[in-house]
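Structure first, then comments.
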Amino acid sequence: MSTSTILSIRNLSISFKNEISEQLAVNNINLDMKRSQTTAIVGESGSGKSVTAYAMMQLIQPPGKITSGEIIFSPAQQDSFDILQLNDNSPALYDLRGGLMSMIFQEPMTALSPVHTIGNQIMEAILTHQAIPKQAAFDLAAAMLERVGIQNSRERMHQYPFEFSGGMRQRVMIAMALVCQPQILICDEPTTALDVTIQAEILALLKELKATIDISVLFITHDLAVVAQIADQVIVMNQGRILETGSVRQILNDPIHPYSQGLIAAVPGMKRQPRLDAISNDSTRHNYGVHPLIAIKGDREVALPMPLIPAEYQL
Amino acid sequence: MGTYILKRLLAMIPTLIIISVVVFILIQLPPGDIISASLASLQQQGMEVSTEQIAALRAQYNLDLPMPMQYLHWILNFVQGDMGYSIKYEQPVNTLIWERLGYTIIIAVASLLFTWVLAIPIGVYSAVKQYSVGDYLFTVIGLLGLATPSFMLALILMYCAYTWFGISVGGLFSPEYADSDWSFARFVDLLNHIWIPMIVLGTAGTASIMRVMRANLLDELGKPYVVTARAKGVRPLKLIFKYPVRIAINPFISTIGWLLPTLISGEAIVSIVLNLPTTGPLLLQALLSQDMFLAGSFLMLLSILTVFGMLLSDILLAAVDPRIRYE
């Protein structure tokens, strides 16, 4: 498996501005996604994880604005380019959206248009990117629905989203995202709105698809249990900054940054236990301070001043 | 769907029966009737009318019968398509109404088209380019249109057309075509006249529909399914019209049915100012002069159109929104 970088974000800052103030949602971050791997971004609400993903497809709407940085995308068999340099009307941007890169959203109940059939919406994804006859697009879409575990796909193509359950809708979203064979799949909290059993089914499906399709996945979540199941690489974000990166085993078993440690300590277990520690936002802001990411042993990075990094990790 | 429509149609029958009773009571409520009203004016002119003559007149119009019988006479004739005789105009109500209804429908449809063709695109533009110069400009114009009374606008337009272009724009036809048979020239003459009522009646509606469209669309633009479509790579123009506009327009489609009753009652004042041969002024006259058959027929027609309009709205809404269709 090649471990080259498929996407690298450099010095990305995104701000949301209103009349009174300007809020940096993403503050000068750098990250790399490895080809054919699953990279998870973990963080609490407002940490900037979703906004980062939206920036990758230039989906940020005013008042949000990308103030600086570049996102270098290196698709297979193509020259790499900076996504942020693409003009609003450039054909390359529309090839990218849904073609080279696609996205699954948090709310399957509202992410599909209520007045168009499932078939219509999946076929639209195909016909936007491929010049093929409608019948061929229909066959392709139906096959993709079977692939994500929806039976009687030909009949179900004619149904509307409200005739599907939440889990089924998320399967439809996955089918729609994968039908054009993108190279990067962004999953923006795809299981957050589902109940636990459906969540497990969707994760199993994603893993199964990931094993058969060569695709790089960016998985955004706040759920560390999900991270443990699906991720190869983990990026911990807070307050618009990256605090720590590393492999899933490194981060979950051996977190270095106090915030990562706090996150993992805050996962409730099955056993009766004393009150969980809260991660205080004040402490994240003041006690940790703002530090650049430093490379440490084991191909990891952590945003701590050198003296606070245990000696055995220092390079 | 078929059984649903059938059920609704059957449910209309009791509704309309109740409405007809209420209408009948309403038109009987004011003291006196058309006979006593015309008698009063005759006596003022110094004419002597004998009590026998009065009784004969009352008998002719069934006014001497007890109320329930009067009602039955009226409603049974109405159901058979005979709406009675207008004492004031001395013509059968049928001729009076049908002649005017045609013109009323033409004007209403024309002004409706004018409204929609103008208001929907402007509303879409205002929402997509929210807070742009164009949005503010249209908002100001729209609010001006909303605040200007229609009859005022009618007067201004008539004045301008007359002083600057020398054309008389009252009515729907020039005098030479007023009573002639239909021909191409008469049709062109109609087109020359219809634009003023179209603009006058359309302007007020344009402003409000524009604002509602803008608000509806702004709501829809932020919905997740719009982001999904953007993430699919759908081009902006296609995206806006296929998804959010398609949904934002639903409330308007469902109001088409409500417009039916306004075909009859709508804009009486404008019609009077513009001297239009529509039903509005006639309805007003009928109510003023207690012309009971004419007024009653109008009110019944209004009610029937309202009830049918509601059904039409529901059917249209079901046609455009699958969520309603499948319930």
Side-chain angles (χ1 to χ4, degrees), chain A residues 50 53-54 56-63 88-89 91-118 120-130 158-163 169 172-173 176-177 179-180 182 185-186 188 193, chain B residues 1 124-136 213-214 216-254 313-327:
Chain A
S50 289
Y54 276 51
M56 287 167 57
M57 288 169 84
Q58 278 211 30
L59 288 175
I60 292 178
Q61 294 268 60
D88 249 358
N89 304 313
L93 181 60
Y94 292 97
D95 288 345
L96 175 88
R97 288 181 184 160
L100 291 170
M101 208 184 269
S102 61
M103 197 156 174
I104 306 169
F105 299 91
Q106 178 172 353
E107 275 286 346
M109 308 311 262
T110 52
L112 290 162
S113 160
V115 298
H116 295 91
T117 59
I118 298 297
N120 178 320
Q121 297 185 57
I122 302 178
M123 281 163 67
E124 181 182 48
I126 301 170
L127 294 170
T128 304
H129 296 285
Q130 299 170 33
H158 298 291
Q159 292 186 324
Y160 291 90
F162 65 86
E163 296 171 79
R169 283 190 219 188
V172 170
M173 287 298 294
M176 199 160 81
V179 77
C180 289
L185 175 69
I186 302 171
D188 184 7
Chain B
M1 197 68 194
V124 172
Y125 174 87
S126 283
V128 174
K129 307 259 179 211
Q130 193 190 9
Y131 301 139
S132 67
V133 178
D135 177 26
Y136 283 124
M213 185 66 200
R214 177 178 182 273
N216 283 356
L217 190 54
L218 279 177
D219 268 357
E220 293 299 325
L221 282 177
K223 294 272 173 78
Y225 67 83
V226 179
V227 183
T228 308
R230 287 181 74 214
K232 268 196 283 188
V234 183
R235 298 293 194 280
L237 203 64
K238 186 188 172 200
L239 189 153
I240 284 172
F241 280 96
K242 178 173 176 185
Y243 294 102
V245 169
R246 169 77 173 65
I247 293 174
I249 216 165
N250 277 0
F252 293 110
I253 292 175
S254 68
S313 287
D314 290 349
I315 294 173
L316 283 175
L317 203 57
V320 294
D321 194 334
R323 288 167 295 183
I324 292 170
R325 186 155 70 233
Y326 282 73
E327 260 166 26

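Order of the sequence lines sets the chain letters (A, B, ...), proteins ahead of strands, with each chain counted from 1.
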| field | Nearest heavy-atom neighbours spanning Arg230(B) and Gln58(A) | value | NH2-O, 3.7 Å
| said: With a 4.5 angstrom heavy-atom cut-off, is it the side chain or the backbone of Leu59(A) that approaches chain B, or both, or neither? | reply: both
| Region of Thr128(A) that comes under 4.5 Å of a non-hydrogen atom in chain B | side chain
| request: Walk me through it: do Val115(A) and Arg323(B) pass the test side-chain contact (heavy atoms from CB on, under 4.5 Å)? | output: CA-CA 7 Å; Val115(A) 298; Arg323(B) 288 167 295 183; 4.1 Å; yes
| remark: Note: Ala111(A) and Pro224(B) closest approach over all heavy atoms is CA-CB, 4.0 Å
| said: side-chain contact (heavy atoms from CB on, under 4.5 Å), that's the test. Do Arg235(B) and Tyr94(A) meet it? Break it down for me. | reply: CA-CA 7 Å; Arg235(B) 298 293 194 280; Tyr94(A) 292 97; 3.1 Å; yes
| field | Option that, when pairs with chain B are counted at under 4.5 Å, heavy atom only, ranks first among Glu107(A), Gln121(A), Met57(A) | value | Gln121(A)
Listed pairs under 3.5 Å, donor-acceptor, residues 238-247 of chain B side chains, sequence neighbours left out:
unit_1	atom_1	unit_2	atom_2	d
Lys242(B)	NZ	Asn120(A)	OD1	2.6
Lys242(B)	NZ	Glu124(A)	OE2	3.2
Tyr243(B)	OH	Glu124(A)	OE1	2.3
Arg246(B)	NH1	Val320(B)	O	3.2
Arg246(B)	NH2	Val320(B)	O	2.8

| task | In sequence, state the C-alpha distance, the side-chain angles, and the governing distance for Thr228(B) and Phe105(A), and then conclude on side-chain contact (heavy atoms from CB on, under 4.5 Å). | result | CA-CA 8 Å; Thr228(B) 308; Phe105(A) 299 91; 3.7 Å; yes
| request: Below 4.5 Å from any heavy atom of chain B, which atoms of Met176(A) appear? Answer side chain, backbone, both or neither. | output: side chain
| Under 3.5 Å, side chain of His129(A) to main-chain N/O of Lys232(B), donor-acceptor pair present? | yes
| said: Please give me the minimum heavy-atom distance between Pro322(B) and Pro114(A), naming the atom from each residue. | reply: CG-O, 3.6 Å
| Which atom pair, heavy atoms only, marks the closest approach of Val227(B) to Tyr54(A)? | CG1-CE2, 3.8 Å
| request: Look up atom CG in Asp321(B) and atom CZ in Phe162(A), then write down how far apart they are to the nearest 0.5 Å. | output: 8.0 Å
